[in-house]
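Each chain gets a letter, A, B and so on, in the order the sequences are listed, and its residues count up from 1.
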Number of protein chains: 2
Amino acid sequence: MEQKIIDLLKRSSLSITDSRKKILESFFQENSALAHADIEDYVGEDFDRVTIYRTLQTFVDKGIIHTIPTPDNAVLYALCKDSCSAGHHHDNHVHFICDNCNKTFCLEHVVVPTVHMPVGFAASQIDMVVSGICNYCNATT
Amino acid sequence: MEQKIIDLLKRSSLSITDSRKKILESFFQENSALAHADIEDYVGEDFDRVTIYRTLQTFVDKGIIHTIPTPDNAVLYALCKDSCSAGHHHDNHVHFICDNCNKTFCLEHVVVPTVHMPVGFAASQIDMVVSGICNYCNATT
DNA sequence: AACATTTTGCAACATAGTTGCAATAGTGTA
DNA sequence: TACACTATTGCAACTATGTTGCAAAATGTT
Ligand SMILES: [Zn+2]
Ligand SMILES: [Zn+2]
Ligand SMILES: [Zn+2]
Ligand SMILES: [Zn+2]
C-alpha cells in the first residue's frame, strides 16, 4: 500500500509528504466516498484542517480524486480511475447514496445516460446521483 | 400576483405573513432557481436571515419549493409544480446550470431517465444535473 | 550538506447555517 | 371589533465550514 501510494504521487508529479500519504491512505482504506470531516477523523490530530483542505484541492486538480454532488449539499470526494489526469476528469459514472448506512459509492460500471435537451440548451456535463439502499445494507436486513 | 401568492399559502395551510409573501414573490419574479443569498438580496433589510432560512424550510416541507443539488454544492431552491404536496415531492425533472450566466433552471419537460442498477442496489430517488450553456446565452452570443 | 522550492501550521477572517427565547403578528371565536 | 391562543419573527449567541497571508518546516536537487 505504502508503495502504491508513493507511486501514485510520483506519477502526478507531487512531492511525497506525510499528509498526502496519510490522506491518500484514508481513501484506499475506505471503499466509499469521504467527506472532509471523515478524513479529519481518520488522520486525527496529525495534520491541520487547512492542510487537509489544500491537499484535497491538489488531488482534485491532479486528477487523483473527484468531487461528488449530493442532494444535501455535503462535499464528498472519491478516488478516480486511471483515465483521469491533471485538468481532465472523466468520471462519468453514476453515484449512489445509501439512505440506510449513509455511505456514498462510485458505480464505476454504470455510465450516466445522455438525455435530450430542449432547443437552445447545450449540455457539456451531466451528473447523476441515485439514492436508495446499497447492496451491503440490502444483504444484511 | 398578490392574490396568487395568498391563495398558494392558504392552500398549504400556512398563515399569511409579510415575509412569506415577499419570499414567494421573489420566486415568481425570477424564472430561475434562487440561492439563499439571492433571496436575501431581493428582500433587502426587511427580514432577518434566520426568517429566510426558516421560511424556505417551511416551503420545502409544504411542497411549495424544492431544493436542487449542484456540483459546486450551493443550495438552490425553485418553485414546485402543482403535483407536489406536504411531505411528497414529485420533482423528477432535469436541472440545468448555465456555465455562462450561472443561472439554474428546472427543465420541467425533461424527465430524469431511469438507469439500470447493479445487483443488490435499490434506487428510490434519482437526481440529474446538467451543466452547459442555456438557451438565453446561446441566443445572445 | 547547502540551496531553492513546496508544503505546512497558525492565526485571523469570512460565510453559512442552527438554536433558544422573548417579543410580535396572525387567526379564529365571541 | 376585541380577546385569547398559536404561530411566526428578530435577536443574540453559537457551531460548522471554508479561505487567506505569512513565517516555519519539510522536500527535492545539486
Ligand atoms: Zn477524475
Ligand atoms: Zn465517482
Ligand atoms: Zn416539489
Ligand atoms: Zn426543479
>> What's B/S19 touching, base or sugar-phosphate or nothing? Going by heavy atoms closer than 4.0 Å.
In response: sugar-phosphate
>> Atom NZ of residue position A/K22 - does it have more than 12 heavy atoms of other residues, nucleotides or ligands inside 6.0 Å?
In response: yes
> What's in the same ILVMFWY side-chain cluster as B/I68, cut-off under 4.5 Å, chained through other members?
Replying inline: B/L76
> How would you list, by chain and number, every residue that makes a side chain to side chain contact (heavy atoms under 4.5 Å, CB included) with B/F27, sequence neighbours excluded?
Replying inline: B/I23, B/L34, B/I39, B/L56, B/I65, B/Y77, B/L79
Enumerate donor-acceptor pairs with a distance under 3.5 Å from any side-chain N or O in residues 111-124 of chain A to protein atoms, sequence neighbours excluded.
unit_1 : atom_1 : unit_2 : atom_2 : d
A/S124 : OG     : B/S131 : O      : 3.3

>> Going by ring-ring contact (aromatic ring centres under 6.0 Å, His included), name the pairs with one or both residues in residues 50-75 of chain A, residues two or more places apart or in two chains.
In response: A/H36-A/Y53, A/H66-A/H93, A/H66-A/H95
> Does anything in residues 44-55 of chain B reach DNA chain C, meaning a heavy atom under 4.0 Å, and if so which residues?
Replying inline: B/R49, B/V50, B/Y53, B/R54
>> Can you pull out the residues from residues 3-17 of chain B that lie within a 4.0 Å heavy-atom distance of DNA chain C?
In response: B/S15, B/I16, B/T17
> Can you name the residues that form a side-chain hydrogen bond (donor to acceptor under 3.5 Å, both in side chains) with B/E2, not counting sequence neighbours?
Replying inline: B/K21
> Between the two ends of the helix from C/dA1-D/dT30 to C/dA30-D/dT1, what is the bend in degrees, rounded to 10 degrees, where each end axis spans five pairs?
Replying inline: 30°
> So if you build clusters from Ile, Leu, Val, Met, Phe, Trp, Tyr with side-chain heavy-atom gaps below 4.5 Å, do B/I5 and B/F47 land together?
Replying inline: yes
> If you draw a 6.0 Å radius around OH in B/Y136, do more than 12 non-hydrogen atoms from other residues or ligands fall strictly inside?
Replying inline: no
>> I want to check something: taking the side chain as every heavy atom from C-beta on, are B/V129 and B/P69 in contact at a cut-off of under 4.5 Å?
In response: yes
> With sequence neighbours left out, what residues match A/E108 under side-chain hydrogen bond (donor to acceptor under 3.5 Å, both in side chains)?
Replying inline: none
>> Let me confirm one number: the CG-CG distance from B/N102 to B/D72, rounded to the nearest 0.5 Å.
In response: 7.5 Å
Show me, pair by pair, the donor-acceptor contacts under 3.5 angstrom made by side chains of residues 8-18 of chain B, not counting sequence neighbours?
unit_1 : atom_1 : unit_2 : atom_2 : d
B/S12  : OG     : B/L8   : O      : 3.0
B/S15  : OG     : B/R20  : NH1    : 3.3
B/T17  : OG1    : B/R20  : N      : 3.3

> Expressed in angstrom and rounded to an integer, what is the separation of B/H36 atom NE2 from C/dG17 atom C1'?
Replying inline: 8 Å
> Apart from B/I133 itself, which Ile, Leu, Val, Met, Phe, Trp or Tyr residues share its cluster (side-chain heavy atoms under 4.5 Å, direct or through members)?
Replying inline: none
> Where each residue is assigned the nucleotide of DNA chain C containing its nearest heavy atom, which of B/A37 and B/D18 is assigned the position nearer the 5′ end?
Replying inline: B/A37
> Can you pull the contact range of chain A along DNA chain D, 5' to 3', using atoms under 4.0 angstrom from its heavy atoms?
Replying inline: D/dT17 to D/dG28
